Student: 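Can you read through this structure? Questions will come right after.
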Amino acid sequence: MLVLNNTNAQPLTFLLTGIPGLKAAQVWISIPVCLLYVIALSGNSMILFVILREQRLHEPMYHFLCMLSATDLSLSLCTLSTTLGVFWFEAREITLNACIAQMFFLHGFTFMESGVLLAMAFDRFVAIYDPLRYTTILTNARIAQIGVSVLIRNVAIMLPVVLFVKKLSFCSSTVLSHSYCYHVDLIQLSCTDNRINSILGLIALFSTAGFDCPCILLSYVLIIRSVLNIASSEGQQKAFNTCVSHISAVAIFYIPLISLSLVHRYGHSAPPFVHTIMANVFLLIPPVLNPIIYSVKTKQIRKAIVKVLIQKRLCI
């Protein structure tokens, strides 16, 4: 059996895959996929633009929303070139180093989104539990520290994962199951012992999403307890309404993530295209829906977007 690694004269190349079993319909499927990418990129860019432009949106809640949109935008850009390249031009080849780089950013931004959602849960808890000290607790400096901490955590977690992937040797089969480089997919092609890689992948997952998700649930337990202490039903409803957008963002991130993890580990009998479609759905749904949810549910964001659109129309 031919064994390939980074020491070979020729650079190791992998082949990306579109949608297994649906190659004939791949061009047509690429149309809604491309449309979703356009919505994700334009929606998150618009959220970033209006928050940075509008002075009245320079508040803790919107700073965290800015982080979420920047993460979603980066996550979409990570896979845009390879996914559309495979669907439109059959550009399937990717070198090992490029594959590892994409994997680093893809998983890094995914874990970063989890951390930002946890920070946003903390933001909602402080806003409801102690509204009078909200701006003094969540100062700009503290928000920046939270953002940098999330970034450092993700880099520290992903570096060992990347370094151990570089040490793997691969057999002659180098066909990946997705249109982008996914850690589990890549290490499964190794013909050397990949148990350490699997363990590192699980540690990365549990130390990010596995830690953040229970903390978010705990935050909402404390939020509900604080809301129930509010005397008026109108005050309770108003407090809950401030959390609706964040709850929706948490749901559309964690439900596909958990579903994809379960399918990858236990759905071996499922057709290959099910894994691929679910993986693409997981990557596209949060970046597409988050700007829509916050635009619809947050009056200040909605008014700022309308203001920008009206000004652009007047300029034209």
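Not measured: the values here are computed from a predicted model.
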Student: Identify the two heavy atoms, one from Thr82 and one from Ser179, that lie closest to each other, and give their separation to 0.1 Å.
Tutor: OG1-O, 2.9 Å
Student: Return the minimal non-hydrogen interatomic distance between Leu118 and Cys215, and the atom names on each side.
Tutor: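 In terms of heavy atoms, the two residues are closest at CD1-CB, 3.4 Å.
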Student: Starting at CD1 of Ile137, measure out to CG of Asp130 and round the result to the nearest 0.5 Å.
Tutor: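 Taking CD1 in Ile137 and CG in Asp130, the distance rounds to 5.0 Å.
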Student: Would you say the side chain of Asn140 lies within less than 4.5 Å of the side chain of His63, judging by non-hydrogen atoms?
Tutor: yes
Student: For atom CD of Glu90, is the number of surrounding heavy atoms from other residues, nucleotides or ligands below 6.0 Å larger than 12?
Tutor: yes
Student: Give a yes or no answer on whether the side chain of Thr139 reaches the backbone of Thr136 with a donor-acceptor pair at less than 3.5 Å.
Tutor: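 No, Thr139 side chain to Thr136 backbone: no donor-acceptor pair under 3.5 Å.
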Student: Mark yes or no for whether Asn229, through its side chain, and Arg225, through its backbone, hold a donor-acceptor pair below 3.5 Å.
Tutor: yes
Student: Indicate yes or no for a side-chain donor-acceptor contact from Arg92 to the backbone of Val86 under 3.5 Å, with no hydrogens or angles considered.
Tutor: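 Between the backbone of Val86 and the side chain of Arg92 there is no qualifying donor-acceptor contact (under 3.5 Å).
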Student: Decide yes or no on side-chain contact (heavy atoms from CB on, under 4.5 Å) for Val288 and Ser76, but give the supporting numbers first.
Tutor: CA-CA 9 Å; Val288 168; Ser76 299; over 6 Å; no
Student: Does the side chain of His246 pick up a donor-acceptor pair with the side chain of Tyr294 at under 3.5 Å?
Tutor: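 Their side chains do not contain a donor-acceptor pair, so the 3.5 Å distance test is not met.
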Student: Counting only N and O atoms by type, is there a donor-acceptor contact under 3.5 Å from the side chain of Asn44 to the main-chain atoms of Pro287?
Tutor: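 Judged by distance alone, yes, a pair lies under 3.5 Å.
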Student: Applying side-chain contact (heavy atoms from CB on, under 4.5 Å), run through Thr83 and Val33 and close with a yes or a no.
Tutor: CA-CA 9 Å; Thr83 299; Val33 171; 4.3 Å; yes
Student: So how far is it from Arg195 CZ to Asp193 CG, rounded to the nearest 0.5 Å?
Tutor: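 Nearest 0.5 Å value for the CZ-CG distance: 4.0 Å.
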Student: Can you see whether Lys297 engages Asn241 through a side-chain donor-acceptor pair at a distance of less than 3.5 angstrom?
Tutor: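 There is no such pair (donor and acceptor under 3.5 Å, judged by atom type) between the side chains of Lys297 and Asn241.
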Student: State, with a plain yes or no, whether a side-chain heavy atom of His178 is found less than 4.5 Å away from one of Thr17.
Tutor: no
Student: Determine whether Val38 and Met46 fall in the same hydrophobic cluster, where Ile, Leu, Val, Met, Phe, Trp and Tyr are linked whenever their side-chain heavy atoms lie under 4.5 Å apart.
Tutor: no
Student: Please check if any side-chain donor atom of Tyr180 sits under 3.5 Å from a side-chain acceptor atom of Asn280, or the reverse.
Tutor: no
Student: Would a hydrophobic clustering, with Ile, Leu, Val, Met, Phe, Trp and Tyr connected at side-chain separations under 4.5 Å, put Leu163 with Leu186?
Tutor: no
Student: Quick check against the 3.5 Å criterion: does Gln102 have a side-chain atom that pairs as donor or acceptor with the backbone of Cys78?
Tutor: yes
Student: Dump the intermediate steps for side-chain hydrogen bond (donor to acceptor under 3.5 Å, both in side chains) on Ser177 and Tyr182, then the final yes or no.
Tutor: CA-CA 9 Å; Ser177 303; Tyr182 189 66; over 6 Å; no
Student: Looking at side-chain heavy atoms only, is the closest gap between Ile47 and Ser295 below 4.5 Å?
Tutor: yes
Student: For Ser226 versus Tyr129, what's the shortest heavy-atom pair and its separation?
Tutor: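 Closest approach of Ser226 to Tyr129, heavy atoms only: OG-CD1, 3.4 Å.
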Student: Answer yes or no: are there more than 12 heavy-atom neighbours, outside Tyr134 itself, under 6.0 Å from its atom OH?
Tutor: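 Atom OH in Tyr134 is packed in, count exceeds 12.
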Student: Ile293 vs Ile252, test: side-chain contact (heavy atoms from CB on, under 4.5 Å). Steps then yes/no.
Tutor: CA-CA 11 Å; Ile293 289 169; Ile252 64 175; 3.9 Å; yes
Student: Compute the ring centroids of Phe64 and Phe122, then answer whether they are less than 6.0 Å apart.
Tutor: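 No, the ring of Phe64 stays outside the 6.0 Å limit from the ring of Phe122, centre to centre.
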Student: Please check if the side chain of Asn194 supplies one atom and the backbone of Ile187 the other of a donor-acceptor pair under 3.5 Å.
Tutor: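 Yes.
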Student: Answer yes or no: does atom CD1 of Ile196 have more than 12 heavy-atom neighbours from other residues, nucleotides or ligands under 6.0 Å?
Tutor: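 At most 12 heavy atoms, drawn from other residues, nucleotides or ligands, come within 6.0 Å of this atom.
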Student: What I'd like to find out is whether the side chain of Asp123 reaches to under 4.5 Å of the side chain of Ile143, using heavy atoms alone.
Tutor: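 Of all side-chain heavy-atom pairs linking Ile143 with Asp123, none is under 4.5 Å.
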Student: Which value, rounded to the nearest 0.5 Å, describes the distance between Leu228 atom CG and Ile223 atom CD1?
Tutor: 12.0 Å
Student: For Asn197 and Lys167, what are the C-alpha separation, side-chain angles and deciding distance, and is it a side-chain hydrogen bond (donor to acceptor under 3.5 Å, both in side chains)?
Tutor: CA-CA 10 Å; Asn197 301 83; Lys167 292 183 177 181; over 6 Å; no
Student: Looking only at side chains, do Glu59 and Thr135 share a donor and an acceptor under 3.5 Å apart?
Tutor: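 Short answer, no.
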Student: Would you confirm whether Thr71, through its side chain, and Glu113, through its main-chain N or O, come within 3.5 Å as a donor-acceptor pair?
Tutor: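 Absent.
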Student: Just do the side-chain contact (heavy atoms from CB on, under 4.5 Å) check on Met67 and Met120 with the steps written out, would you?
Tutor: CA-CA 10 Å; Met67 290 183 197; Met120 294 175 82; over 6 Å; no
Student: Is the closest side-chain donor-acceptor distance between Thr298 and Tyr62 under 3.5 Å?
Tutor: no
Student: Atom CG of Leu52 and atom OG of Ser69: how far apart are they, to the nearest 0.5 Å?
Tutor: 10.0 Å
Student: Mark yes when over 12 heavy atoms from residues, nucleotides or ligands other than Tyr220 sit less than 6.0 Å from its OH; otherwise mark no.
Tutor: yes
Student: Atom CD in Gln188, atom CG in Leu168: separation rounded to 0.5 Å?
Tutor: 12.0 Å
Student: With the side chain counted from C-beta on, respond yes when Ile305 and Phe49 share a heavy-atom pair under 4.5 Å apart, and no when they do not.
Tutor: no
Student: What distance separates Arg133 CZ from Leu138 CG, expressed to the nearest 0.5 Å?
Tutor: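 Interatomic distance, Arg133 CZ to Leu138 CG, rounded to 0.5 Å: 10.5 Å.
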Student: Do you reckon Leu117 sits in the same ILVMFWY cluster as Ile157, going by side-chain contacts under 4.5 Å, direct or chained?
Tutor: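 No: no chain of side-chain contacts under 4.5 Å links Leu117 to Ile157.
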Student: With a 6.0 Å cut-off (strictly less than), is the heavy-atom count around CZ of Arg56, excluding the residue itself, greater than 12?
Tutor: yes
Student: For atom CZ of Arg302, decide whether the heavy atoms of other residues, nucleotides or ligands shown that lie under 6.0 angstrom number more than 12.
Tutor: yes
Student: Spell out, yes or no, whether Ile230 and Leu222 are grouped together once hydrophobic residues are joined by side-chain heavy atoms under 4.5 Å, including indirect joins.
Tutor: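 Result: no, two separate clusters.
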Student: For Ala204, does its backbone N or O pair with a side-chain atom of Ser207 as donor and acceptor, under 3.5 Å?
Tutor: yes
Student: I want to check something: taking the side chain as every heavy atom from C-beta on, are Asp212 and Tyr254 in contact at a cut-off of under 4.5 Å?
Tutor: yes
Student: So, does His58 use its side chain to make a donor-acceptor pair with the main chain of Ile51 at under 3.5 Å?
Tutor: yes
Student: Name the orientation class of the two ring planes belonging to Phe253 and Phe282 (parallel below 30°, tilted from 30 to 60°, perpendicular beyond 60°).
Tutor: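 The arrangement is tilted - the two ring planes meet at 30° to 60°.
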Student: State, with a plain yes or no, whether a side-chain heavy atom of Cys99 is found less than 4.5 Å away from one of Leu176.
Tutor: yes
Student: Counting heavy atoms not belonging to Phe211, are there more than 12 under 6.0 Å from its CZ?
Tutor: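 12 or below, so no.
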Student: Treat each ILVMFWY residue as a node, draw an edge where side-chain heavy atoms are under 4.5 Å apart, and state whether Leu283 and Trp88 are in one component.
Tutor: yes
Student: Of all the heavy-atom pairs spanning Ile128 and Cys243, show the shortest one and how long it is.
Tutor: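 Heavy atoms of Ile128 and Cys243 come nearest at CD1-SG, 3.5 Å.
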Student: Is any side-chain heavy atom of Cys34 less than 4.5 Å from a side-chain heavy atom of Leu84?
Tutor: yes
Student: What are the two closest non-hydrogen atoms of Val50 and Leu57, and how far apart are they?
Tutor: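 In this case the closest contact between Val50 and Leu57 is O-CD1, 3.7 Å.
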Student: At their closest point, which heavy atom of Leu16 faces which heavy atom of Cys181, and how far apart are they?
Tutor: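 Scanning both residues completely, I find the closest heavy atoms to be CD2-SG, 4.4 Å.
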